[in-house]
Amino acid sequence: MISGISKKVIFFSILFINFIQPSKSAELSKINRVINNRNTKINLSNTSILDISSNSLGNYLDDSNDYVKFLKKRIDPFLVAKAENQQELIIQSDKQSEISDVIYAEGNVSVSYRGKLLKADKLIYDKSNKKIEARGNITFILGNQIFRVSQLEYNFISEKGYLLDVKGVINTNTLIDDISSNFSLSDSKKLENLIDLNNKEVINTPENIQNWFFFTEKMIIDGDKWKSKKAIFSNDLLELKQAKLAINSLEVFPINEKLRFKSSLNYLILDEKVSIPFWLGSRNFDFKKVQPANTWNFGYENLDKDGYFIGRRINSIDINDDFVLDLEPQFLIQRSLKGYTKSFVNKGESITSDRVKRNSSFEDYFALKSQIKGTIKNWDLEIEKNLNSLDINKFSDAFRFNTKLSKEIDLLDSVWKKSFYGVYRERVWNGSLGEAEIYSGYGSELQKENTWITDGIKKSEFLSLGLANITAEALNTKNLVTNLKGNLFYSLDQKFPISIVNPKKKSIDISYQYIPEPISKGLSLNTRLEVSYSFYENGNHQEYLGLGIGPELTFGNFKNKIFDYTRISLLPFYKFDNGKSVFKFDQNYEDLTLNISYDQQLYGPIVLKSFGILNLTNDSNDYGEFIDSKISLNWKKRSYEVGIFYQPHNQAGGISFRLFGFK
């Protein structure tokens, strides 16, 4: 019936394509003129089914008759149920007629086909010219995907048409399934109410953004392409004011079983006041994980870039249908002002040597960051490159490379992430041992994450198994060593409520301006269990058992403007360790640490967030100092959060941004 991926993934097309089927054969059931709430059923299979639109019934039965009402209650659901399982198209309306191969339906028009539903005030279908027109309160319902349109026209011969005044709700979790599968029509009224844009309450979906409101004045259909001059997507299901994505020159078309999005310059609009430009380019866009990247990137990186820098992302470049290249040229502000650099070793020395002060050339003032993303037979491929100077003579010292090939697999009744990776010149920060260098490496990893709640206790576990061949800085010398490393790691975090006041409901309303979900206040106890075992080709091994327990106190509602939210967490953590690593970057060193977290609302949406790991190991050179830390100042709203952060331990900083999801 419907051929090609283009008819599977473009959600409106599925409904339209089915209208063409009744005109294929003169042997199909004859459509009768029926008045006063009658059904037109077009049988698209060889199965016979009761047709209550026949003239014999139409002449003798009237809606006012109790027997007719009884029949309608029994037969209408029967027809709909049959339509979901077989290939019958049913048109229901208050008035219905056919003149010269043109079907006219008016008043509460409802068209159902295999679980897909179209509603309208008026519908005209020209069987000869294969053209459909609908007007007035048009509603499409495809599972959890709902769209309302004021006017629709489509020609099945030219495969061209348009939709006017489109607004809808897109559920990314079920989009593809809803396009190709049936659903229960009994849920249609509940789903349709979502699009009235008068949500009183919503619930946060912390893992991803599941639901988007969608608006456009006109959507043009041209074959398997859907185009709009401007389309608006919003994750703010309460007000539509806090966060919007304005997508310009939008084109949507299918490639290799996926939807591809193409656009020009777009804008992230915050609180209808601030517009931040960004590009999608042409790519397979994942609305579940969308976090629009800043066009301009202002950051701080002292070790590799000598301080402050500014970068600008340019339009994404299509390598082919499956791969996209993103480029970000950067200008190193502080290095250019100083006239020298401390990011490189002396010429000709080992990369593990100490960095020295060197005069900088004009080429040193520029850097380049690039990323390639795509898919290879259901595997996700990411390749990231950083070039921290354009001076060819410093290329081997300035170049860093990281690539990863991954996919989700089912194993032992669980979802795991399988990955293969390769690195060149990767920096690793290892507590009080400081920065360590991985010169090169490749390997494979299998990971599983799980979070659940049992009797009010929140639990999160992580399991990882890995094997890699690594060349990196040795533990006690500056030499590079090569070894095969295997590792098993498991962690379990638990949060026990001691004296907690949970919100009466999980939903939030418009009064929640600053947070995506209600706050659980009071005292809880956090615990952490870690188990790690590593072995090396030369016979070395190291292992540890880590245990931590500490309090967390939260108070305030984050609804008032001043100091209405505070969170303090303390977690002492002790390692019972044994053995030694071959490398510096993964050596277990600190036995006792104290993890400290402190978040404080200052005024309105302004929040101070801080985290640090305090070294309490007596024989450590960094005893009593923070060996890992991060501080940020954030602007936090219900639908988004943006912040500026700095990490003192590795002298790096930048800008962070998140969107929150709701249902």
Sole residue of Arg313, Arg312, Lys373 in salt bridge (Lys or Arg N to Asp or Glu O under 4.0 Å) with Asp326: Arg313
Heavy-atom pair with the smallest gap, counting every atom of Ser432 and Tyr589: OG-CD2, 3.0 Å
Between Tyr536 and Ser581, a side-chain donor and acceptor under 3.5 Å: yes
Aromatic ring pairing Tyr308/Phe298, orientation class (parallel under 30°, perpendicular over 60°, tilted between): parallel
Phe214 and Phe233 aromatic ring geometry - parallel, tilted or perpendicular at 30°/60° bounds: tilted
Among Glu437, Glu473, Glu435, the one residue meeting salt bridge (Lys or Arg N to Asp or Glu O under 4.0 Å) with Arg427: Glu435
Lys418 versus Ser444, closest heavy-atom pair with distance: NZ-OG, 2.6 Å
Geometric class of the Phe362/Phe366 ring pair [parallel <30°, tilted 30-60°, perpendicular >60°]: perpendicular
Lys637 to Tyr514, cation-pi by 6.0 Å centre distance and 45° axis angle: no
All salt bridge (charged side-chain N to carboxylate O under 4.0 Å, His left out) counterparts of Lys575, not counting sequence neighbours: none
Option among Ser336, Ser343, Ser389 that satisfies the side-chain hydrogen bond (donor to acceptor under 3.5 Å, both in side chains) test with Asp364: Ser389
Basic-acidic side-chain contact under 4.0 Å: Asp586, Lys485: yes
Axial cation check for Tyr340 ring with Lys357, 6.0 Å and 45° limits: yes
Exercise: identify the closest heavy-atom pair between Phe662 and Phe660: CE1-O, 3.7 Å
